[in-house]
Asker: 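Structure below; questions to follow.
Order of the sequence lines sets the chain letters (A, B, ...), proteins ahead of strands, with each chain counted from 1. Here the structure is a predicted model, which means the values were calculated and not measured.
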There are 2 protein chains.
Amino acid sequence: MTEREPRAARRGRPRQAEVARLAGVSQTTVSLVLGGNKQGIVIQEATRARVLEAARTLGYVPDPAARRLAAARNNLLGVFSFTATFPTAVEHSYYRFLVGVEQEAAARGYDLVLFTGSSSGGAGAGAPGALDRVRLADGCLLLGRHVPTEPLRRLVADGFPLVSIGRREEPEGLAWVGADYATASAEVVGHLAGLGHRGVLLVREDDDAPASADRQRGFVEGLAAAGLPAPDGTVVRTARPAAEIDAAWVRARYAEGVTAFVAEETDTGDAWRALTSAVAGAGLRVPDEVSLALLGSPSADLSGQPEPTGFDIPRAELGATAVRLLTDLLADPLAEGERPSAGLVSCGFRPGVTVAPPPRRAAP
Amino acid sequence: MTEREPRAARRGRPRQAEVARLAGVSQTTVSLVLGGNKQGIVIQEATRARVLEAARTLGYVPDPAARRLAAARNNLLGVFSFTATFPTAVEHSYYRFLVGVEQEAAARGYDLVLFTGSSSGGAGAGAPGALDRVRLADGCLLLGRHVPTEPLRRLVADGFPLVSIGRREEPEGLAWVGADYATASAEVVGHLAGLGHRGVLLVREDDDAPASADRQRGFVEGLAAAGLPAPDGTVVRTARPAAEIDAAWVRARYAEGVTAFVAEETDTGDAWRALTSAVAGAGLRVPDEVSLALLGSPSADLSGQPEPTGFDIPRAELGATAVRLLTDLLADPLAEGERPSAGLVSCGFRPGVTVAPPPRRAAP
DNA sequence: CGCATCAGCTAATGCGTATTAGTCGGAAGG
DNA sequence: CCTTCCGACTAATACGCATTAGCTGATGCG
């Protein structure tokens with residue numbers, strides 16, 4: 001046989017040892033120069049320069065796995081999605097987070113590793129241990145609605161730096177960033193009240209997501225803050241908006257003095273859709289006769305319609321915030337038992353064109 | 001000081017060694033049972049069971065970093081994009097590639113590392129060595145029209161597995177996958193000719209990307225195949241379509257007997273935009289009086305407009321094909337001097353609504 | 001002048017796993 | 001009865017890097 005090469009025939013990918021040989025120093029010195037050298041060991045400028053030069057010539061890049069194993073940093077941030085990150089369906093919104101994540105990570109000198117949790121086959125799938133791949137990175141962002149709590153709990157318990165994008169209660173001790181739906185919703189209500197609306201109503205779907213609950217809470221608080229009444233029926237919760245929110249219903253509410261309808265944004269956008277068509281069906285003009293507001297961003301298929309008043313979820317900013325939180329965690333890991341911080345990012349008010357002062361008319 | 005623990009305070013996380021101790025076997029045996037055991041070494045069923053049991057009790061989870069270090073491969077595919085920011089926004093045409101890339105990579109058990117010309121560990125875009133960071137992955141996909149050849153040449157020379165998405169001539173020996181623009185363009189011309197058009201013209205931007213060249217070649221070949229003349233001026237190449245392609249120009253061409261205008265799709269979409277507005281400005285109706293075709297997919301901001309006739313670039317499929325090519329390369333590296341393979345993926349014809357038979361009128 | 005000090009390196013290890021050479025007791029074969 | 005072979009493991013080592021002990025020659029100091 002031939003001269004046995006160092007296993008996988010040195011396919012490019014130079015090692016520190018090769019850099020060392022070229023620079024005429026030891027591997028240790030190379031590590032010292034190129035790595036952190038936290039120990040503050042003194043290296044002569046000339047030597048240092050030679051090493052850097054050699055590294056450049058060879059195009060040396062540290063092996064993340066080796067670095068990681070040697071208990072050091074990778075400069076890699078993981079992004080684990082429980083569904084495909086680049087969804088085929090464009091309406092799916094995860095990619096919006098990613099733009100913020102990407103920018104912020106780049107700005108901080110981190111590269112991103114995409115771990116795809118879902119989909120078929122390979123290392124993916126719900127295969128046990130799928131989530132554990134993220135240990136290759138220094139820390140990881142979590143993206144997606146449905147998350148297997150158990151494996152997560154393990155990572156959290158081990159003190160692996162994790163930040164969830166989107167509020168998450170479940171694994172105790174998990175850091176997260178989320179949009180401040182409550183404040184934003186209250187703000188929308190405040191805006192309506194400021195214009196003179198006295199009868200304001202919320203239509204929400206039958207869904208227990210924290211995001212929905214937060215919106216409702218904000219809505220109610222907004223009413224209270226504006227000194228508006230919140231009689232029974234102020235929050236309408238329905239599983240089938242299309243069926244229950246119709247022209248007759250709108251007319252009835254209008255007759256009772258309701259001049260503004262607020263809908264929550266959901267995956268489907270059904271609440272808003274039902275509301276707009278019901279109002280149109282009732283022959284009421286928007287915003288001259290009734291005002292409409294949407295607690296969230298309109299879904300993509302509504303792009304032709306007049307822009308709803310409401311708020312926008314700053315997804316990119318959320319992504320960026322998550323990266324900041326994560327890198328902070330990396331720089332300064334939690335002490336034993338310390339509660340992780342969480343971040344609420346505020347949503348921007350979107351003026352839109354579906355809200356105006358209420359019509360003047362006889363008091364009901 | 002306290003009893004010095006094995007460095008990073010045994011954060012729970014059991015090792016194979018601990019499993020081994022509990023099961024009363026060696027670490028090797030544990031690795032054999034829990035790992036792949038590709039070598040087909042025989043282990044007694046009883047032993048195997050004991051190991052599995054021990055692993056379960058301790059909650060053993062393999063360390064991916066160690067695993068990858070030992071296997072001399074990271075299961076990471078890089079995606080390097082030569083754009084300012086990583087094309088994570090759907091609006092960006094590259095996004096479509098990513099959906100295919102992600103799917104195929106996941107299916108093959110690879111994770112993705114995202115590199116941007118500008119990220120790269122803070123090294124900055126054109127910074128020498130920015131591209132070297134991709135060496136951290138097992139292989140890398142290249143995305144973008146204009147690519148700095150020099151740094152690439154290095155990687156290619158080192159035998160680092162690379163696949164370009166989009167045809168690329170430049171660094172000799174670079175593998176690529178590309179859309180078959182030539183055939184698709186010829187097909188569009190054939191379609192026009194079949195409807196009776198005799199005067200057909202191509203508007204392209206002033207750009208030397210292979211993608212542009214391929215389209216022009218296909219266009220010219222299409223004319224030849226249909227037996228149509230290709231006098232001087234049949235291919236209009238302009239750096240400023242908006243300025244040079246105007247109503248007067250269109251009228252003049254129309255007077256000369258041109259009944260169909262073909263534009264190439266580019267990053268900017270300028271050629272097509274200029275063409276449509278010039279035709280509109282000339283008062284010519286599409287497709288009754290003139291036919292328009294677009295060699296590519298309309299950019300997202302044109303989604304309101306009537307659908308252009310032309311062809312679609314199967315971006316997701318291209319991405320997937322690129323991943324396949326790359327993983328093949330990984331499994332079976334090129335021998336010294338061997339030419340890499342390349343793959344052409346065919347584009348689908350898109351009927352659209354901007355093409356019709358030419359109007360009947362007196363011969364010019 | 002002898003010895004501690006220090007600057008500037010290098011040799012040796014460890015991280016957790018996969019792989020490659022064994023090792024060892026017994027069954028088969030001559 | 002002595003090899004050979006085989007089944008079932010284990011010891012040793014490599015992977016690439018960071019870190020921790022040195023180690024060496026020059027300088028300082030009393």
Asker: Quick one: does B:Asp111's side chain have a donor or acceptor within less than 3.5 Å of a partner on A:Phe115's backbone?
Answerer: no

Asker: Looking only at side chains, do A:Arg73 and A:Tyr110 share a donor and an acceptor under 3.5 Å apart?
Answerer: no

Asker: In terms of side-chain heavy atoms of A:Arg67, which of C:dC9, C:dT17, D:dA18 is nearest?
Answerer: D:dA18

Asker: Regarding B:Thr28 and B:Ser31, do their side chains bring together a donor and an acceptor under 3.5 Å, going by distance alone?
Answerer: no

Asker: Rounded to whole Å, how long is the line connecting atom CG of B:Leu32 with atom P of D:dC9?
Answerer: 10 Å

Asker: On the nucleotide D:dT10, are OP1 or OP2 found under 4.0 Å from the side-chain N or O atoms that B:Ser26 carries?
Answerer: yes

Asker: Between A:Asn37 (CG) and C:dC9 (C1'), how many Å, whole number?
Answerer: 12 Å

Asker: Can you tell me if B:Arg50 uses its side chain to pair, donor with acceptor, with the backbone of B:Ala23 under 3.5 Å?
Answerer: yes

Asker: For A:Asp63 and D:dA14, give me the distance from atom CG to atom P, rounded to whole Å.
Answerer: 17 Å

Asker: Does B:Ser31 place a side-chain N or O at less than 4.0 Å from the phosphate oxygens OP1/OP2 of C:dA18?
Answerer: yes

Asker: CD of A:Glu18 versus P of D:dC15: gap in Å, rounded?
Answerer: 11 Å

Asker: Among D:dC9, C:dT17, C:dC9, which nucleotide has an atom closest to any side-chain atom of B:Ile41?
Answerer: D:dC9

Asker: State whether B:Gln27 places a side-chain N or O below 4.0 Å from either non-bridging phosphate oxygen (OP1 or OP2) of D:dA11.
Answerer: no

Asker: Find which nucleotide of DNA chain D each of B:Ile43 and A:Ala17 is nearest to by heavy atoms, and output the residue with the more 5' nucleotide.
Answerer: B:Ile43

Asker: Give A:Leu69 one of three labels, base, sugar-phosphate or nothing, depending on what nucleic acid heavy atoms sit under 4.0 Å from its own.
Answerer: base

Asker: Taking only side-chain nitrogens and oxygens of B:Gln44, does any of them come within less than 4.0 Å of OP1 or OP2 of D:dC9?
Answerer: yes

Asker: Between D:dA12 and B:Thr28, counting only base atoms on the nucleotide and side-chain atoms on the residue, is there a donor-acceptor pair under 3.5 Å?
Answerer: yes

Asker: Is the closest basic N to carboxylate O distance between A:Arg13 and A:Asp63 below 4.0 Å?
Answerer: yes

Asker: How about CD on A:Glu53, more than 12 heavy atoms from neighbouring residues, nucleotides or ligands closer than 6.0 Å, or not?
Answerer: yes

Asker: Are any of A:Arg68's side-chain N or O atoms less than 4.0 Å away from OP1 or OP2 of C:dC15?
Answerer: no

Asker: Please state how far atom CD in B:Gln16 lies from atom P in D:dA11, giving the value in whole angstrom units.
Answerer: 15 Å

Asker: Could you tell me how far apart B:Glu45 (CD) and D:dC9 (P) are, to the nearest whole angstrom?
Answerer: 10 Å

Asker: Checking all strands, does B:Val30 fall into the base, sugar-phosphate, or nothing category for heavy-atom contacts under 4.0 angstrom?
Answerer: nothing

Asker: Using atom CG of B:Asn75 as one end and atom P of C:dT17 as the other, report the distance to the nearest whole Å.
Answerer: 16 Å

Asker: Check whether any side-chain N or O of A:Thr29 sits under 4.0 Å from OP1 or OP2 of C:dG8, and answer yes or no.
Answerer: no

Asker: Can you tell me how far P of D:dA11 sits from CZ of B:Arg21, to the nearest Å?
Answerer: 13 Å

Asker: Quick one: which of C:dT17, C:dG14, C:dT19 gets closest to the side chain of B:Lys38?
Answerer: C:dT19

